[in-house]
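Okay, so here's the structure we're looking at.
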Amino acid sequence: MKVRVNPEICAGFGICTGIAPHVFELHDDGYAVAVLDDIAPEDQDLMLRAESQCPARAIAILES
């Protein structure tokens with residue numbers, strides 16, 4: 001599984017960084033980025049939660 005943050009949509013709320021700080025961080029410009037290329041299977045529920053709670057709907061989960 002992979003996760004991506006669309007930089008065109010992200011509004012910098014940072015909810016994803018609170019849910020999974022080991023996967024997401026706020027970039028210098030204040031917007032979120034995914035810092036891992038591949039997501040471990042045990043983090044799948046966290047990624048689904050981050051995706052569903054993103055107010056801007058900027059997070060996309062991709063199957064590997």
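Computed from a prediction, not measured in an experiment: that's the story for all the values here.
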Taken to the nearest 0.5 Å, the spacing of C16 SG from Q53 CD works out to 10.5 Å
Side-chain touch V23/I39, heavy atoms, less than 4.5 angstrom: yes
Is there a continuous path of hydrophobic side-chain contacts, each under 4.5 Å between heavy atoms, that joins F13 to L26? no
* Check whether any side-chain heavy atom of F24 lies under 4.5 Å from a side-chain heavy atom of M47, and answer yes or no. => yes
So side-chain hydrogen bond (donor to acceptor under 3.5 Å, both in side chains) across residues 5-18, not counting sequence neighbours, yields none
The side-chain hydrogen bond (donor to acceptor under 3.5 Å, both in side chains) partners of H22 (sequence neighbours excluded) come to D43
query: Are D37 and K2 within salt-bridge range, i.e. N to O under 4.0 Å?
result: no
Any link between I15 and I9 through a network of hydrophobic side chains (Ile, Leu, Val, Met, Phe, Trp, Tyr) touching at under 4.5 Å? no
Show which side-chain atoms of residues 55-62 pair as donor or acceptor with protein atoms under 3.5 Å away, not counting sequence neighbours.
from : atom 1 : to  : atom 2 : distance (Å)
R57  : NH1    : S52 : O      : 2.6
R57  : NH1    : C54 : O      : 3.1

side-chain contact (heavy atoms from CB on, under 4.5 Å) filter on D29, not counting sequence neighbours, yields H27, Y31
Checking side chain to side chain contact (heavy atoms under 4.5 Å, CB included) for the pair V33/V5: CA distance, chi angles, key distance, verdict? CA-CA 6 Å; V33 293; V5 178; 5.7 Å; no
